[in-house]
Amino acid sequence: GGGVVSKEELVGDWELMYSSSSTMKYNEGLSGLAGGLTRFGGLKQKIIGTKYISDVEYTEQVIGKLGGKSYEVKITGDWDMRTELSLFTGKPAN
């Protein structure tokens, strides 16, 4: 409650609907492999989280501009949640 999101609530598959990232715009995607003869076709994120493990897997769709053949680029990593506490109330400031 109280607007605080737990790790367990984020676990699952997510699809990117919008990004205002200037880096993604410059790279034409997350991996930087789209561009030239290919274009960005979408990005999915799979969040895996337990009490001890926090992994993430991104699957980027890259589509050829000639012929439309597509392929997937997988990027893996780990993630962490940080909560900032208000100095005034001691409650999460997010």
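- From L10, atom CG reaches atom CD1 of I48 across 13.0 Å, with rounding to the nearest 0.5 Å.
- Between V73 and S31, the closest heavy-atom pair is CG1-CB, 3.8 Å.
- I63 and M24 end up in different hydrophobic clusters when Ile, Leu, Val, Met, Phe, Trp and Tyr side chains are linked at under 4.5 Å.
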### Task
Show the numbers, then the answer: is there a side chain to side chain contact (heavy atoms under 4.5 Å, CB included) between L37 and L66?
CA-CA 7 Å; L37 296 176; L66 304 173; 4.2 Å; yes
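- Between the T38 side chain and the L33 main chain, a donor and an acceptor come within less than 3.5 Å of each other.
- Partners of K7 under the side chain to side chain donor-acceptor pair (under 3.5 Å) rule, at least two apart in sequence or in another chain, are S54.
- Across W14 and E9, no two heavy atoms sit closer than the pair CZ2-O, 4.3 Å.
- In the model, S70 has a side-chain atom that pairs as donor or acceptor with a side-chain atom of Q61 under 3.5 Å.
- Following chains of ILVMFWY side-chain contacts shorter than 4.5 Å, one can reach L16 starting from W79, so the two form part of one hydrophobic cluster.
- Note: L30 CG to F40 CZ = 8.0 Å, rounded to the nearest 0.5 Å.
- Identified under the salt bridge (Lys or Arg N to Asp or Glu O under 4.0 Å) test for residues 53-70, with sequence neighbours left out: E57-K74.
- Put simply, CG on L43 and CD1 on I75 are 7.5 Å apart, with the number rounded to the nearest 0.5 Å.
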